[in-house]
**Student:** 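Let me give you the structure first, and then I'll get to my questions.
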Amino acid sequence: MSMNYILEVQPKEMEQLRKFYEDRIVNNNNQYVLFHAKDKAISVTAYTSGKVMFQGVTAKSEYEAWLAQFQTKTVIATIGSDEVGTGDFFGPIIVVAAYLPEQHIDAVKKLGVGDSKKISDDTIISIAKELKHFIVHKSVILNNHYYNKMYAQYKNLNKIKAVLHNRALVELTNIRKADQIIVDQFCDPKHYFNYLTDQKDVFEDIHFETKAESKYLAVAAASILARFYFLEEWIKLENQVGELLPKGASSLVDETAARLIQKHGIDYLNQCAKMNFKNLNKAINLIDHTV
Ligand code: MN
């Protein structure tokens, strides 16, 4: 009779396991199972909880080999990456990748770094002003002009996000090496790498996870910095446009867009808005109905 052996692993280790057993992966419909690999000698079930179960003839020896390999390594530095601006008709998209070594974890926690969606803009600004001085990071800002060019070419927001995350990660990992790299997941990892086939440098050693900004401090720091730069860019944009701009994609946004079109013509929005959003047609309809 064979026994079950259970290992608890870090995201990066999970990736190593997945790669190792890749050619033995079989279909699984269990939402709590990341992958299930099996052949005659071994069955490996990896759970979203981070637990990995080994069963079968070679279970004991494979479990022990992985355990020995993983025990010698503890996570000492994490890079997290997150983006903002993808839900706003006006304004840029910004991706930040942030490097968080172990020695900064306490300071980052003390500043109150957490999920940026749950923190007010004023608090984000005061946290980020401290954070940006000691957390090494790279930000990539895609202004509306280039966003609209890219969207016209790719017709795919996830492709744009992938290109921006990749650029931030390539730049940051050139200057800082981390033990694990986490990207707040926005698409299937397979698609992510497909989107990058036309890029010169592709950073590959990534762990993707949804809601990562609420699970990993490094991603939370990245999301706060991204939001901070977004707010900075927003003020510049409002000064450039000469009026206050509403965030998001509400009917208030449609009304502002309609006003700007009437004032400056439709091409003007190319410099301050995302032209593929439905808000554009809604704004045009608003104008048609008032003429
Ligand atoms: Mn995100």
Side-chain angles (χ1 to χ4, degrees), residues 11-12 14-15 34 48 78-100 108-109 111-121 123-125 127-128 131-132 135-144 146-147 150-151 154 156-173 178 180-196 202-234 247-250 274 276-277:
K12 197 189 156 152
M14 189 66 96
E15 270 312 299
L34 283 173
T48 51
T78 305
I79 284 175
S81 182
D82 201 6
E83 85 280 333
V84 291
T86 53
D88 301 274
F89 177 62
F90 293 112
I93 291 181
I94 298 179
V95 169
V96 169
Y99 170 76
L100 180 60
V108 166
K109 279 186 184 161
L111 278 175
V113 168
D115 187 348
S116 70
K117 290 184 193 82
K118 293 178 186 156
I119 304 175
S120 73
D121 285 349
T123 309
I124 281 183
I125 290 168
I127 295 174
L131 214 54
K132 67 175 189 169
I135 291 298
V136 177
H137 63 282
K138 288 285 177 184
S139 60
V140 180
I141 298 177
L142 183 69
N143 70 28
N144 294 102
Y146 281 108
Y147 171 86
M150 270 179 102
Y151 198 89
Y154 299 136
N156 186 326
L157 181 57
N158 282 343
K159 156 105 191 181
I160 294 175
K161 289 188 201 177
V163 169
L164 300 182
H165 275 277
N166 180 60
R167 196 180 306 164
L169 289 175
V170 166
E171 285 182 16
L172 186 57
T173 54
Q180 57 177 359
I181 288 98
I182 319 274
V183 170
D184 187 28
Q185 183 170 340
F186 54 88
C187 69
D188 187 305
K190 265 188 235 136
H191 294 160
Y192 176 89
F193 290 109
N194 283 338
Y195 293 139
L196 297 176
V202 176
F203 186 81
E204 285 181 346
D205 197 6
I206 300 171
H207 172 73
F208 294 93
E209 196 162 326
T210 55
K211 300 199 177 78
E213 70 279 1
S214 60
K215 299 175 196 159
Y216 297 93
L217 209 52
V219 181
S223 82
I224 283 185
L225 288 165
R227 181 78 183 164
F228 171 72
Y229 292 124
F230 181 76
L231 295 170
E232 276 193 341
E233 291 300 312
W234 194 269
K247 297 198 180 75
S250 66
K274 301 181 186 83
N276 66 301
F277 274 43

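Indexing begins at 1, ligand by ligand and atom by atom, following the structure's order. Quantities reported herein were computed from a predicted structural model and do not represent experimental measurements.
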**Student:** Are Gln185 and Thr210 close enough that a side-chain donor and a side-chain acceptor fall under 3.5 Å?
**Tutor:** no
**Student:** If I compare all heavy atoms of Ile135 with all of Ala98, which pair ends up nearest, and what's the gap?
**Tutor:** CG2-CB, 3.9 Å
**Student:** Between Tyr216 and Asp184, is any side-chain donor less than 3.5 angstrom from a side-chain acceptor?
**Tutor:** no
**Student:** Which count of protein N, O or S atoms is obtained for distances strictly below 2.8 Å from the Mn ion (ligand 1)?
**Tutor:** 2
**Student:** Compare all side-chain heavy atoms of Lys274 with those of Tyr151 and state whether any distance is below 4.5 angstrom.
**Tutor:** no
**Student:** Run the ring-ring contact (aromatic ring centres under 6.0 Å, His included) test against Phe186 and tell me which residues pass, sequence neighbours left out.
**Tutor:** His165
**Student:** Of the non-hydrogen atoms in Ala218 and Leu100, which two are nearest, and what is the gap between them?
**Tutor:** N-CD2, 3.7 Å
